[in-house]
*Asks:* 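The structure is given below, and queries will be raised subsequently.
Everything numeric in this text was worked out from a predicted model, so none of it was measured. The figures that follow rest on heavy atoms only: side chains count, while hydrogens, waters and symmetry mates do not.
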Amino acid sequence: DPLFIGVRQSGAAAATANGVIAKATPYTTSGLPVIVILLAPDGGHAVVAIGHSPSKARIQPLPRQQQHLSTAIPYAMSSDWVSGLVIHNDNSGPYLPLVTGTHTNARPYCLEHAYGLMVPLPEGVYTNADEAEMLAVRAILFASVWFTMAAGQGPQLPHVGYVLRPYLCTRHAFRHWAKHDPDLDPEARNIYRTVTLPKVLWVIEIHMEATFDLTNPANKSRCGEIVLDPAADALHGDAMIFARVTKDLWTNTKSFQGLLLIEDESSV
């Protein structure tokens with residue numbers, strides 16, 4: 001079913017470029033076409049976003065915050081390092097940039113002209129990217145308590161800034177990654193390759209912000225991932241399949257290399 005995502009704030013005359021990019025990027029990262037509905041001064045139009053333009057420099061400097069008790073936990077999203085979308089426009093051609101209106105390549109359309117996005121989701125996907133982000137942050141906080149207390153310390157939140165990179169993928173693609181990633185612990189690799197999984201997964205990669213580089217796929221900044229069932233009930237938070245974190249998130253915890261949480265029907 002198509003998912004409609006509004007990108008204009010209530011009462012706002014135009015969308016923000018960063019807001020449109022943030023909403024679209026999880027789906028373009030997933031390889032899904034995103035129909036961008038445009039309301040430009042010269043009239044309405046629709047184009048198809050088929051990718052995005054990664055930037056080495058961070059475009060969006062403001063971190064998001066997850067409130068945990070009395071502490072605000074800052075984190076960033078991979079879309080903060082995206083400068084624009086790549087679109088097919090049936091009026092003017094394929095592989096064109098859709099960027100902010102202040103850019104020299106912004107005409108005839110720009111990101112601020114966007115009214116909404118339409119995403120054709122795979123069958124059985126009922127959790128959207130915003131909900132997956134929320135569930136991933138909760139899972140990281142949950143894993144933090146387990147990891148630091150197992151190391152003989154009180155519960156501690158991550159000591160370093162981290163970046164979340166969410167996308168939908170098939171279980172086959174996830175297992176292919178697990179089989180070939182040389183940095184994945186062998187025990188985790190075996191579990192990822194053999195456990196029963198849904199056909200489609202939300203995968204939210206966790207990266208260390210200090211070394212994150214969206215322009216370099218070979219960059220070694222990944223320090224875990226949250227894997228969710230996209231058909232589960234996001235409202236009550238029972239979507240988690242795996243939560244894997246490594247000690248890179250904690251600067252003073254040396255007892256363990258990492259932690260993998262696996263949720264079954266009755267316990268973790």
*Asks:* Could you pull out the closest heavy-atom pair between Ile21 and Ser79, with the gap in Å?
*Replies:* CG2-O, 3.7 Å
*Asks:* Could you tell me if the side chain of Val86 sits less than 4.5 Å from the side chain of Pro97, heavy atoms only?
*Replies:* no
*Asks:* Do the side chains of Val20 and Ile50 join up, straight or via other hydrophobic residues, at under 4.5 Å, putting them in one cluster?
*Replies:* no
*Asks:* Checking Trp250 against Val160 for the side chain to side chain contact (heavy atoms under 4.5 Å, CB included) test, could you report, in this order, the C-alpha distance in whole Å, the side-chain angles of both residues, the deciding distance, and whether it holds?
*Replies:* CA-CA 7 Å; Trp250 293 272; Val160 299; over 6 Å; no
*Asks:* Ring-plane angle category for Phe212 and Trp81, please: parallel below 30°, perpendicular beyond 60°, tilted otherwise.
*Replies:* perpendicular
*Asks:* Tell me the closest heavy-atom pair linking Ser55 and Leu214, and the distance in Å.
*Replies:* O-CB, 4.5 Å
*Asks:* Mind listing the closest non-hydrogen atom pair of Pro33 and Pro120 along with its distance?
*Replies:* O-CD, 3.1 Å
*Asks:* Set out, in order, the CA-CA distance, both residues' side-chain angles and the distance that settles side chain to side chain contact (heavy atoms under 4.5 Å, CB included) for Ile226 and Leu228, then state yes or no.
*Replies:* CA-CA 7 Å; Ile226 308 299; Leu228 306 173; 3.8 Å; yes
*Asks:* Take Thr100 and Glu112, measure what side-chain hydrogen bond (donor to acceptor under 3.5 Å, both in side chains) needs, and give me the verdict at the end.
*Replies:* CA-CA 7 Å; Thr100 180; Glu112 286 84 354; 2.7 Å; yes
*Asks:* Any non-hydrogen side-chain atom of Pro166 less than 4.5 Å from a side-chain atom of Ser78?
*Replies:* yes
*Asks:* Under the 3.5 angstrom rule, does the side chain of Arg193 hit a backbone N or O of Arg175 as a donor-acceptor pair?
*Replies:* no
*Asks:* List the steps, then state whether side-chain hydrogen bond (donor to acceptor under 3.5 Å, both in side chains) holds for Tyr192 with Glu225.
*Replies:* CA-CA 12 Å; Tyr192 280 175; Glu225 61 278 329; 2.6 Å; yes
*Asks:* Quick check: closest heavy atoms across Pro26 and Ala129, and the distance to 0.1 Å?
*Replies:* CB-CB, 3.6 Å
*Asks:* Calculate, to the nearest 0.5 Å, the distance between atoms CG and CD1 belonging to Leu164 and Ile204 respectively.
*Replies:* 7.5 Å
*Asks:* Spell out, yes or no, whether Met118 and Val47 are grouped together once hydrophobic residues are joined by side-chain heavy atoms under 4.5 Å, including indirect joins.
*Replies:* no
*Asks:* Please assess Ile262 against Phe242 for the test side chain to side chain contact (heavy atoms under 4.5 Å, CB included), listing each intermediate value before the final yes or no.
*Replies:* CA-CA 5 Å; Ile262 308 170; Phe242 302 122; 4.0 Å; yes
*Asks:* Do Val48 and Leu32 share a hydrophobic cluster (ILVMFWY, side-chain heavy atoms under 4.5 Å, transitive)?
*Replies:* no
*Asks:* Does any non-hydrogen side-chain atom of Tyr95 lie less than 4.5 Å from one of His88?
*Replies:* yes
*Asks:* To the closest 0.5 Å, what do you measure between CG (Asn18) and CG (Leu111)?
*Replies:* 9.0 Å
*Asks:* Any side-chain hydrogen bond (donor to acceptor under 3.5 Å, both in side chains) involving residues 26-39? Give me the pairs, sequence neighbours left out, ordered by first then second residue.
*Replies:* Thr28-His52
*Asks:* Is it true that Asp185 and Arg244 have a side-chain N and a carboxylate O under 4.0 angstrom from each other?
*Replies:* no
*Asks:* Look at the side-chain heavy atoms of Ile, Leu, Val, Met, Phe, Trp and Tyr, link any pair under 4.5 Å apart, and say whether Ile59 and Val163 land in one connected group.
*Replies:* no
*Asks:* Less than 6.0 angstrom from the centroid, inside 45 degrees of the normal: does Arg165 satisfy that with respect to the ring of Trp202?
*Replies:* no
*Asks:* Looking only at non-hydrogen atoms, find the nearest pair between Val34 and Ala24 and report the distance.
*Replies:* CG2-O, 4.2 Å
*Asks:* Could you walk me through whether Val137 and Tyr162 pass side chain to side chain contact (heavy atoms under 4.5 Å, CB included), step by step?
*Replies:* CA-CA 10 Å; Val137 173; Tyr162 61 89; 4.1 Å; yes
*Asks:* Sub-3.5 Å donor-acceptor pair from the side chain of Arg171 to the main-chain atoms of Leu201, do we have one?
*Replies:* no
*Asks:* Measure the shortest side-chain to side-chain distance between Phe4 and Ile37 over non-hydrogen atoms and say whether it is less than 4.5 angstrom.
*Replies:* yes
*Asks:* Given the rule in the ring-ring contact (aromatic ring centres under 6.0 Å, His included) test, do His45 and Tyr109 qualify, once you have shown the distances and angles that lead to the verdict?
*Replies:* CA-CA 9 Å; His45 190 42; Tyr109 301 108; 5.4 Å; yes
*Asks:* Answer yes if Leu3 and Val36 sit in the same cluster of Ile, Leu, Val, Met, Phe, Trp and Tyr residues linked by side chain heavy atoms under 4.5 Å apart, and no otherwise.
*Replies:* yes
*Asks:* Can you measure from CG (Asp130) to NZ (Lys23) and round to the nearest 0.5 angstrom?
*Replies:* 3.5 Å
*Asks:* Does the plane of the ring in His180 sit parallel, tilted or perpendicular to the ring in His176? Use 30° and 60° as the thresholds.
*Replies:* tilted
*Asks:* Ignoring hydrogens and angles, tell me if any N or O in the side chain of Thr246 forms a donor-acceptor pair with the backbone of Gln257 under 3.5 Å.
*Replies:* no
*Asks:* Just how far is it from atom OG1 of Thr194 to atom CZ of Arg189, taken to the nearest 0.5 Å?
*Replies:* 12.0 Å
*Asks:* Going by side chain to side chain contact (heavy atoms under 4.5 Å, CB included), Leu117 matches just one of Ile5, Ile35, Leu85. Which one?
*Replies:* Ile5
*Asks:* Given the rule in the side-chain hydrogen bond (donor to acceptor under 3.5 Å, both in side chains) test, do Glu133 and Tyr75 qualify, once you have shown the distances and angles that lead to the verdict?
*Replies:* CA-CA 11 Å; Glu133 174 188 336; Tyr75 66 96; 2.6 Å; yes
*Asks:* Quick one: are Trp146 and Leu259 in side-chain contact, heavy atoms under 4.5 Å?
*Replies:* yes
*Asks:* OG of Ser144 to CG of Leu249: how many Å apart, nearest 0.5 Å?
*Replies:* 7.0 Å
*Asks:* Rounded to the nearest 0.5 Å, what separation is found between the CG atom of Leu261 and the CD1 atom of Ile241?
*Replies:* 13.5 Å
*Asks:* Please name the pair of heavy atoms, one in Gly84 and one in Val99, separated by the smallest distance, quoted to 0.1 Å.
*Replies:* CA-CG1, 4.2 Å
*Asks:* Quick check: do His113 and Pro108 have side-chain heavy atoms less than 4.5 Å from each other?
*Replies:* no
*Asks:* Which residue pairs satisfy the salt bridge (charged side-chain N to carboxylate O under 4.0 Å, His left out) criterion with at least one member in residues 41-63, sequence neighbours excluded?
*Replies:* Lys56-Asp213, Arg58-Asp80, Arg58-Glu209
*Asks:* Can a donor-acceptor pair be found between the side chains of Tyr126 and Glu131 at a distance below 3.5 Å?
*Replies:* no
*Asks:* Does Lys220 offer a backbone N or O that forms a donor-acceptor pair with the side chain of Asp183 under 3.5 Å?
*Replies:* no
